[in-house]
Number of protein chains: 2
Amino acid sequence: MSRTIKVLLAEDQSMVREALAALLGLEEDIEVVAQVARGDEVLGAAREHAVDVALLDIEMPGATGIEAAARLHADLPHIKLVILTTFGRPGYLRSAMESGADAFLVKDAPAAQLAEAIRKVLTGERVIDPTLAAAALAEGANPLTEREREVLRAAADGSTNAELSKTLHLSQGTVRNYLSTAIQKLAVRNRAEAVRAAREKGWL
Amino acid sequence: MSRTIKVLLAEDQSMVREALAALLGLEEDIEVVAQVARGDEVLGAAREHAVDVALLDIEMPGATGIEAAARLHADLPHIKLVILTTFGRPGYLRSAMESGADAFLVKDAPAAQLAEAIRKVLTGERVIDPTLAAAALAEGANPLTEREREVLRAAADGSTNAELSKTLHLSQGTVRNYLSTAIQKLAVRNRAEAVRAAREKGWL
DNA sequence: CGAGCGGCATGACATCTGTCACGCGCCACT
DNA sequence: AGTGGCGCGTGACAGATGTCATGCCGCTCG
């Protein structure tokens with residue numbers, strides 16, 4: 001079979017998106033058949049275009065690439081999923097895999113790996129940076145409960161306890177308790193460090 | 001004159017860098033003659049390669065694209081400078097212009113603008129997003145003193161006052177005073193918000 | 001069914017943070 | 001020579017934050 005590989009490209013920064021399209025355009029056997037700039041446009045575009053592989057950025061408006069991957073995996077399971085991201089956060093890798101991703105690439109890997117990964121996933125192979133995989137396994141699963149994550153996310157912009165208690169409909173004491181347990185689980189010493197730590201791990 | 005335009009490309013994420021090179025490679029009159037991944041490699045590469053235009057990302061290890069622009073502007077003033085960045089922060093635009101940049105593009109602008117900007121700067125034209133320019137003028141200059149910026153930068157990762165006082169060789173009271181004035185100048189209510197606000201403006 | 005966990009809450013306590021008033025020295029500008 | 005901005009510091013105070021003990025409810029798992 002030497003049909004061309006049909007790729008859907010999802011990435012919010014147009015310049016990067018079109019540059020990636022140009023890059024893939026150089027490959028004889030690859031054709032970019034659709035481009036979208038938002039996570040919530042992925043599924044629709046995939047339905048319209050007979051796509052073999054979806055190349056998804058994580059950080060996108062509308063829905064993250066990981067959420068988009070989960071939906072594609074559920075609705076159009078024959079499409080192979082390649083996650084492409086700026087941040088090699090172990091937690092991202094973990095959740096990408098749980099969402100059915102076939103490959104996980106970071107943007108500072110050599111460009112040649114992109115086309116290579118696209119070809120490999122079509123043969124059923126999985127493509128993951130071994131260093132990242134090791135990191136993801138080493139750090140273990142996300143220890144934070146759903147509520148703790150929620151509070152951390154809400155606290156990320158510098159809101160005070162009083163504001164958090166209003167937006168989350170909790171008492172101030174409860175907010176402080178959640179933050180306190182999160183701080184302990186992450187082995188840091190205040191909410192700001194907790195937010196940073198959780199972000200870096202991809203646990204936010 | 002129909003010599004090809006020789007471009008130096010500085011961007012730390014290889015996949016993006018090579019994709020941009022592919023994109024520019026599609027243009028008949030443009031040739032990417034050098035690629036670097038760090039800000040501190042820009043000057044050396046520019047010296048070796050007879051470059052017409054330097055295309056510089058801001059966020060890079062070694063030195064920011066803005067610092068690299070300043071050095072190029074001082075040492076090789078005939079080279080035109082195009083800043084390309086993810087973040088359309090008004091403060092970035094301002095300091096880019098002060099460093100001698102000829103064009104300022106954000107990565108979510110259409111890809112076509114890139115080649116266009118490269119051609120325009122060579123005719124002596126300046127290329128700036130009008131919306132961004134307006135924002136930069138509207139917000140005024142950075143109100144923070146050098147020390148306030150220093151303390152904010154150091155506080156950005158969630159360090160406590162005690163830690164800040166050690167790393168900055170100041171008393172705890174002084175650290176708090178600087179943070180307090182920064183918080184007031186930025187019209188926010190705590191250090192975390194101050195860090196966010198300063199980042200968003202490009203004042204960090 | 002009992003144990004344990006997660007969600008939610010309270011109250012008390014120690015510490016951290018942000019503000020304010022004030023002082024000193026240095027430098028630049030008028 | 002005086003004024004004002006900035007760097008740096010102190011001390012005092014109010015309010016925010018983090019910790020701990022403790023309790024209740026509902027769910028799940030052995």
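This one's a predicted model, so the numbers in the text were calculated from it and none came from an experiment. Each chain gets a letter, A, B and so on, in the order the sequences are listed, and its residues count up from 1.
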A:Arg17 side-chain N/O to A:Leu9 backbone N/O, donor-acceptor pair under 3.5 Å:
no
Close side-chain approach of B:Leu55 to B:Leu24, heavy-atom, < 4.5 Å
yes
Among C:dT10, D:dG7, C:dC8, which nucleotide has an atom closest to any side-chain atom of A:Ser171?
C:dT10
Pairwise side-chain contact, A:Val82 with A:Asp102, heavy-atom cut-off 4.5 Å (strictly under)
no
Less than 4.0 Å between a side-chain N and a carboxylate O, is that true for A:Arg38 and A:Glu67?
no
Cationic N near anionic O, under 4.0 Å, A:Arg149 to A:Glu146
yes
Determine whether B:Asp52 and B:Arg3 make a side-chain contact, defined as any pair of heavy atoms from C-beta on separated by less than 4.5 Å.
yes
Starting from P on C:dT17, measure out to CG on B:Leu164 and report it in whole angstrom.
8 Å
A:Glu193 atom CD is separated from D:dT17 atom P, nearest whole Å, by 16 Å
Is the shortest heavy-atom distance from the side chain of B:Phe87 to the side chain of B:Glu59 under 4.5 Å?
yes
Salt bridge present between B:Asp75 and B:Arg47 (N-O < 4.0 angstrom):
yes
Check whether B:Ser14 reaches the backbone of A:Asp108 with its side chain - one donor and one acceptor, N or O, closer than 3.5 Å.
yes
Could you tell me whether the phosphate oxygens of D:dC6, OP1 or OP2, come under 4.0 Å of any side-chain nitrogen or oxygen in B:Thr145?
no
Pick the nucleotide of DNA chain D nearest each of B:His169 and B:Lys185; which residue has the one closer to the 5' end?
B:Lys185
Quantified as the angle between the terminal helix axes (five pairs each), what is the overall bend of the helix from C:dC1-D:dG30 to C:dT30-D:dA1 to 10 degrees?
30°
Interatomic distance where CG belongs to B:Leu170 and C1' belongs to D:dT10 [whole Å]:
14 Å
Under 4.0 Å protein heavy-atom contacts per nucleotide of nucleotides 23-29 of chain D, with B for base, S for backbone only and - for none:
-------
Distances under 3.5 Å only, N/O to N/O: pair up the protein atoms with those of nucleotides 18-22 of chain D.
| residue | atom | partner | partner atom | Å |
| --- | --- | --- | --- | --- |
| D:dG18 | OP1 | A:Arg191 | N | 3.0 |
| D:dG18 | OP2 | A:Arg191 | NH1 | 2.2 |
| D:dT19 | OP2 | A:Ser180 | OG | 2.8 |
| D:dC20 | N4 | A:Asn177 | OD1 | 3.0 |

Rounded to the Å, how far apart are A:Glu148 CD and C:dG6 C1'?
9 Å
Distance check needed: D:dG7 P versus B:Leu168 CG, whole Å only.
13 Å
Under a 3.5 Å cutoff, is there a donor and acceptor pairing between the side chains of A:Arg191 and A:Asn161?
yes
Looking at A:Glu148 and A:Thr145, would you say the former's side chain and the latter's main chain have a donor-acceptor pair under 3.5 Å?
yes
Rounded to the nearest angstrom, tell me the gap between atom CZ in B:Arg147 and atom C1' in D:dG9.
13 Å
Which whole-number value in Å describes the distance from A:Gln172 CD to C:dA12 P?
16 Å
